[in-house]
Amino acid sequence: MDMPSNAEASNAKEVAPEKVCPICKGTRFVHPLLSPGKPDYSRIVSCRCVENESDTKRQSRLQNYSNLGTLTRLTFANLIPEGRVKETANQEQFRRVYGAVKAFALKPEGWLVITGPSGCGKTHLAAAIANECITRKKPAFYVTTPDLLDHLRASFTPGSEMPYDEFFDQVKNVPLLIMDDFGAQSSTSWAKEKLDQLLNHRYADRLPTVIISIVPIEELEDRARSRLTNTDFCQMFTIGTKPPALYSNGWAPWFELQKKMTFESFDWKRVNLSLEKRQNLEEAYKLALDFAKSPDGWLVFAGVNGCGKTHLASAIVNYRYNLGKSSLFIVVPDFLDHLRSTFSPDSKISYDQFFESVRSSELLVLDDFGEQAGTPWAQEKLYQVINHRYNARLATVITTSCSLDEIENRISSRLVDPKISVFFNVNVPDFRGDLTSQKRTYRSQRKS
């Protein structure tokens, strides 16, 4: 029997045995996979509808594998590029993150880390990455960190469908891992160890990973933070809304008293004071007024409660507000409480944005400095604010009832640095004592 010519071989499809497709009822052919000079009639090529059927099954398998569940509805197609917030700055921020996330979904490389408060769109971004990968027939595994740890614990039980070692090994080596709600897990030693093993493995093998954290990166464990902040390998983004506690061009609703504290209402001629103390109070008044007119460097008022420190600090803010200038007044213990609250999954405030808004404010008033709890965390946060503003030479007003000996040395040394700061002791007693004395005199006069 003569071998077919090249032309015959190239047209072998036309003479190959025909079969009927059970789906579309069209014709499919036995494909002659050509060897050098010899056709091979042993391989079958499906018609288009059979190929589509295979794609559908593959996509279904990828969806099951992805663990997205109902999150398959969250795609880039129904994700607003500028987010759902109304503030222009936040829209621009979200738009930048959206672009970076979409680029990552098309070509997953390195690690992508996103932080922000609940409801800001982090989970939608994470799910959109997974769904984009599925559309492109690439595997991705989505899981919340608490669920992952629960699955790992369950794999120890005798009736587990998959042994612990096999399950953990699959998670460690999945081509693209998306971990949502990182930081929401219980902080047991076992949980820390498992997450550390997982991150170390994927970091060492340079496996693409997406981490969605509800906790600011600065508050994570040292080993996790060191990996997530490696800018050579990780992209880090923070999204969120402006903290409602911050009002840079007007008083927050709970500062009704401070709103009325102006230079006009400040009484530096208190009649019960000695001449020396009146002169001291007058000097404090002039320092505050000069600073309000031209904020430069730092102004620190120290003195007992009720001596007028907060009034003068508030008067500076009111003066700046009347000029249409930005200022920020915060009570230090309240600031730390607000900062702690941003760690909550229900918080609508981004830790990073809240903290950055305070430490980088054009003019910042830190009232009641030293009245906060003296925990290491609180001390570190305040030092970060003080040190940043010291290095950046940002206008700052600080009031404190503490002596310098009672303030941490690395902070107190900055408060008294004459190159940037004017430290003034308001050497007068609590003015509320004056009011009490006046009331007693008034009652005595009425009785007489």
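Both backbone and side-chain heavy atoms feed into the values below; hydrogens, waters and symmetry mates do not.
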- Test: Arg206 cationic atom under 6.0 Å from Tyr203 six-membered ring centre, within 45° of axis: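 Yes, a cation-pi geometry.
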
Side-chain donor/acceptor of [X] to backbone N/O of [Y], under 3.5 Å:
| X | Y | answer |
| --- | --- | --- |
| Ser361 | Ser357 | no |
| Ser421 | Asp417 | no |
| Ser155 | Pro163 | no |
| Asn391 | Asn387 | yes |
| Asp196 | Lys192 | no |
| Asn280 | Asn425 | yes |
| Asn131 | Phe76 | no |
| Asn78 | Thr75 | yes |
| Trp298 | Leu394 | yes |
| Arg359 | Arg389 | no |

Would you say [X] and [Y] make side-chain contact, with heavy atoms under 4.5 Å?
| X | Y | value |
| --- | --- | --- |
| Pro429 | Leu273 | yes |
| Tyr383 | Glu380 | yes |
| Arg153 | Asp150 | yes |
| Leu363 | Lys325 | no |
| Leu199 | Phe182 | yes |
| Leu312 | Leu299 | no |
| Phe94 | Leu79 | yes |
| Arg73 | Leu68 | no |

Nearest-0.5 Å distance, [atom1] of residue [X] to [atom2] of residue [Y]:
| X | Y | atom1 | atom2 | value |
| --- | --- | --- | --- | --- |
| Asp165 | Asp169 | CG | CG | 8.0 Å |
| Ser314 | Tyr321 | OG | OH | 9.5 Å |
| Ile386 | Gln384 | CD1 | CD | 11.5 Å |

Please determine whether a side-chain nitrogen of the Lys or Arg among [X] and [Y] lies less than 4.0 Å from a carboxylate oxygen of the Asp or Glu.
| X | Y | result |
| --- | --- | --- |
| Glu283 | Lys286 | no |
| Glu282 | Arg278 | no |
| Glu408 | Arg414 | no |

- Answer with yes or no whether the side chains of Arg227 and Asn200 bring together a donor and an acceptor at under 3.5 Å.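 Distance-only check passes for Asn200 and Arg227.
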
Heavy-atom pair with the smallest gap, counting every atom of [X] and [Y]:
| X | Y | value |
| --- | --- | --- |
| Phe354 | His338 | CZ-CB, 3.4 Å |
| Glu362 | Ser326 | OE1-CB, 3.5 Å |
| Leu198 | Leu148 | CD2-CD2, 3.7 Å |
| Tyr319 | Lys293 | OH-CG, 3.4 Å |
| Glu109 | Phe104 | O-CE1, 3.2 Å |
| Asn318 | Gln258 | ND2-O, 3.1 Å |

- Task: Starting from the C-alpha separation in whole Å, work towards a yes-or-no answer on side chain to side chain contact (heavy atoms under 4.5 Å, CB included) for Ile212 and Tyr142.
- Result: CA-CA 11 Å; Ile212 308 297; Tyr142 169 93; over 6 Å; no

- Phe369-Phe335 aromatic ring centre distance below 6.0 Å: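 Between Phe335 and Phe369, which both carry aromatic rings, the centre distance is not below 6.0 Å.
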
- Query: Step by step, would you call Thr400 with Leu415 a side chain to side chain contact (heavy atoms under 4.5 Å, CB included)?
  - Reply: CA-CA 11 Å; Thr400 180; Leu415 300 187; 5.6 Å; no

- Indicate the ring-plane relationship of Tyr164 and Phe156, choosing parallel, tilted or perpendicular according to the 30° and 60° boundaries.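 Parallel, since the angle between the ring planes stays under 30°.
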
- Query: Can you say whether the rings of Phe167 and His151 are parallel (under 30°), tilted (30 to 60°) or perpendicular (over 60°)?
  - Reply: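 Geometry flag for His151 against Phe167: perpendicular rings.
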
- Item | Chi angles and distances behind the side chain to side chain contact (heavy atoms under 4.5 Å, CB included) call for Leu177, Leu207 | CA-CA 8 Å; Leu177 175 64; Leu207 295 174; over 6 Å; no

- CG (Asp296) with more than 12 external heavy atoms under 6.0 Å: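 Counting other residues, nucleotides and ligands, CG of Asp296 stays at 12 neighbours or fewer.
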
- Query: Where do Val171 and Val143 land on the side chain to side chain contact (heavy atoms under 4.5 Å, CB included) test, with the steps shown first?
  - Reply: CA-CA 10 Å; Val171 175; Val143 66; 5.7 Å; no

